[in-house]
Amino acid sequence: MLQLTATPASALADEPVHIQVTGLPPLQTVTLMASVKDEKGNLYQSRAFYRASKAGELDLKQAPALGGHYVGVHPMGLFWSLKPEKAFERLSKKDVMNSPFWITLDLYDSVYLQKSGEVQPRASQVVQRWFSSPEVQRVQIREGRVRGALFLPPGKGPFPGLIDLFGGIGGLVEYRASLLAAHGFAVLALAYFAYADLPKQLQEVDLEYFEEAANLLLAHPKVQKPGIGVISVSKGAEIGLAMACYLKEVAATVCINGCNAIFEFPLRYRDLLITPIPSFPERMEFNIMGALCLRHYKGNPRDELNQHSVLPIEKAQGPILFIIGEDDECFNSREYAEQALDQLRRHGRSSGRLLLYPGAGHLLEPPYWPLCYASWSRGLFCPLLWGGDPAGHAAAQEHAWGEIQKFFRQHLVQSRSTL
């Protein structure tokens, strides 16, 4: 009897799923399809073509895909190769507490190229991908100027505290924070524009707002003292690096595809004002899909005229982990990270580390998240190019996720003797 299994059928979104098929005719060619709808009803699909063993079995941990959206042995390929039906959509999860993504897996006993639903699949399974565990608590934060959501693991704690910053997407993005809370971190997903009563557009970065957020997090009885970590991406990573340089509360920082200097908007902190490095709109390029590449748009922090805008990374009290996608088409992020490490070395500091991922683009997400190569972006008339190769990007996300957690546990978690 033909059977398609996917285990576990319900799990956190960063946990792998084991997909197997039994009861097929020997050496049968089959199609496996995955499909999911986001909270707006946008459809994402992937498919891969496989051949059953002589015993009529298929195990995605061992069997190579012969074609489709990926080739080779990729046990989670159906998940990370999901593509939007409408071009330039970006998969996101808003409600992280009450509903999972429901991913439908369909099996067809041939090379199936039609849309799902046009032919009845031979077998189907639905898997639930959750962004929080049932015991994690979500607390809406609206204290002083600070706006966000705090995710607390179960138990008394104290837990290592993190602030989670996204980039130009704006608003409040919670899915990374909620997943990290399920792994034992107290995480404040922090909004800084385009949310609630915060400014609709980012016009300057006021570092005192982020200092207020850090102090609010540290004051929570379930958050471990004396310092917090910052996980940050894109524009958020520029702010995260500034926090590491100027805020005594920050003890460890992860910067994912960010900058080592201030760009586009001034940064203000008490009496300090850092003006941004000029950008060059004439250097923007359109790719073959009509998406805008900003990789060469920004001025060079190495130029003598731009030194006033370079962040004083040598002042950072804690270690900094730079996570870089070599195929980032939005920022020249590898160059910025290497400049930051050079600056640390010149000051006799060895507190920086670089993880460089070939094939990875700008938008590095938690594991098994599909690559977003290009998508619509706030305030632009055309989509932005993020870059990345699906298989390389997926491998980077899986490896980096483990490294991020190890980094924060190493630098934030106190030994029992200290406690």
Side-chain angles (χ1 to χ4, degrees), residues 12 14 96-97 131-133 135-166 172-192 195 207-233 236-237 239-256 258 269 316-321 323 351 353 366 400-419:
L12 286 173
D14 62 353
V96 296
M97 298 300 287
F131 290 83
S132 180
S133 57
E135 305 83 15
V136 166
Q137 182 188 3
R138 180 188 183 277
V139 182
Q140 188 74 38
I141 298 296
R142 192 185 174 93
E143 288 188 39
R145 293 190 298 161
V146 179
R147 304 290 178 264
L150 175 62
F151 294 90
L152 296 167
K156 283 184 180 177
F159 306 105
L162 304 178
I163 285 179
D164 187 4
L165 297 172
F166 275 75
L172 181 59
V173 185
E174 302 180 23
Y175 55 81
R176 188 167 63 192
S178 59
L179 273 177
L180 285 166
H183 294 294
F185 297 93
V187 193
L188 174 59
L190 184 62
Y192 55 97
Y195 178 75
L207 208 57
E208 288 183 55
Y209 172 79
F210 299 89
E211 185 175 44
E212 190 179 331
N215 283 317
L216 184 147
L217 183 60
L218 271 173
H220 197 283
K222 284 193 175 185
V223 173
Q224 190 174 281
K225 318 292 184 277
I228 60 157
V230 176
I231 178 169
S232 52
V233 64
I239 297 169
L241 194 59
M243 292 172 73
C245 295
Y246 293 110
L247 304 186
K248 66 182 185 303
E249 298 83 1
V250 176
T253 310
V254 171
C255 295
I256 304 168
Y269 181 56
Q317 294 178 46
I320 301 164
L321 177 61
I323 294 176
S351 50
R353 180 176 161 223
W401 191 241
E403 292 297 307
I404 287 165
Q405 292 176 66
K406 272 196 286 189
F407 173 79
F408 284 131
R409 287 190 209 290
Q410 181 184 346
H411 298 293
L412 295 178
V413 177
Q414 299 170 350
S415 67
R416 295 207 172 271
S417 59
T418 319
L419 288 169

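Fair warning: this is a prediction, and the values are worked out from it, not measured in the lab.
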Practice item. Calculate, to the nearest 0.5 Å, the distance between atoms CG and CZ belonging to Asp164 and Phe185 respectively. Key: 12.0 Å
Check your understanding: Which pair of heavy atoms, one from Ala182 and one from Ser133, lies closest together, and at what distance?
Key -> CB-OG, 3.8 Å
**Study point:** Validation row, ring centre Phe151 to ring centre Phe159 under 6.0 Å
**Key:** no
Point to revise | Reported CD-to-CG distance for the pair Glu249 and Leu216, which is rounded to 0.5 angstrom | key: 11.5 Å
Exercise for review: Could you check if a side-chain atom of His220 sits within less than 4.5 angstrom of a side-chain atom of Leu188, using non-hydrogen atoms only?
Suggested key: no
Practice item. Work out which heavy atom in Tyr209 is nearest to a heavy atom in Ala191; give both atom names and the distance. Key: OH-O, 2.6 Å
Practice item. Would you sort out whether His183 and Asp14 count as a side-chain contact (heavy atoms from CB on, under 4.5 Å), showing the intermediate values? Key: CA-CA 10 Å; His183 294 294; Asp14 62 353; 2.6 Å; yes
Check your understanding: CZ/Arg138 to CG/Leu152 distance, rounded to the nearest 0.5 angstrom?
Key -> 11.5 Å
**Study point:** Any donor-acceptor pair under 3.5 Å from Glu174 side chain to Ala189 backbone
**Key:** no
Review point. Do the non-hydrogen side-chain atoms of Met243 and Ile163 ever get within less than 4.5 Å of each other?
Key: yes
Review point. Tell me, do Lys222 and Lys156 make a side-chain contact under 4.5 Å, heavy atoms counted?
Key: no
Practice item. Apply side chain to side chain donor-acceptor pair (under 3.5 Å) to the pair Glu211 and Tyr269, showing each step before the final yes or no. Key: CA-CA 9 Å; Glu211 185 175 44; Tyr269 181 56; 2.7 Å; yes
Review point. Looking at Ile228 and Ala214, what are the two nearest heavy atoms and their distance?
Key: CD1-CB, 3.7 Å
Check your understanding: Going through the checks in order, is the side-chain contact (heavy atoms from CB on, under 4.5 Å) test met by Leu172 and Arg147?
Key -> CA-CA 9 Å; Leu172 181 59; Arg147 304 290 178 264; over 6 Å; no
Review point. Taking all atoms of both residues into account, what is the closest heavy-atom pair of Leu412 and Gly227, and its distance?
Key: CD2-O, 3.9 Å
Review point. Can you tell me how far CD1 of Ile256 sits from CZ of Phe166, rounded to the nearest 0.5 angstrom?
Key: 8.0 Å
Check your understanding: So among Val413, Ile231, Thr253, which one has a side-chain contact (heavy atoms from CB on, under 4.5 Å) with Phe408?
Key -> Ile231
Practice item. Applying side-chain contact (heavy atoms from CB on, under 4.5 Å), run through Phe210 and Leu165 and close with a yes or a no. Key: CA-CA 10 Å; Phe210 299 89; Leu165 297 172; 3.8 Å; yes
Revision key, fill the gap. Correct closest heavy-atom pair for Cys255 and Ala237 would be SG-O, 3.7 Å
Check your understanding: Does the pair Leu180 and Trp401 meet the rule for a side-chain contact (heavy atoms from CB on, under 4.5 Å), with working shown?
Key -> CA-CA 10 Å; Leu180 285 166; Trp401 191 241; 3.7 Å; yes
Review point. For the side chain of Lys248 and the backbone of Gln317, is there at least one donor-acceptor N/O pair under 3.5 Å apart?
Key: no
Point to revise | Under 3.5 Å donor-acceptor, Lys225 side chain and Val223 backbone | key: yes
Practice item. Look at the aromatic rings of Phe131 and Tyr175 and report parallel, tilted or perpendicular, splitting at 30° and 60°. Key: perpendicular
Exercise for review: Could you tell me whether a side-chain N or O of Glu212 sits under 3.5 Å from a main-chain N or O of Arg145, the two making a donor and an acceptor?
Suggested key: yes
Exercise for review: Starting at CZ of Arg176, measure out to OG of Ser232 and round the result to the nearest 0.5 Å.
Suggested key: 7.5 Å
**Study point:** Val136 to Pro153 - nearest heavy-atom pair and separation
**Key:** CG2-CA, 4.5 Å
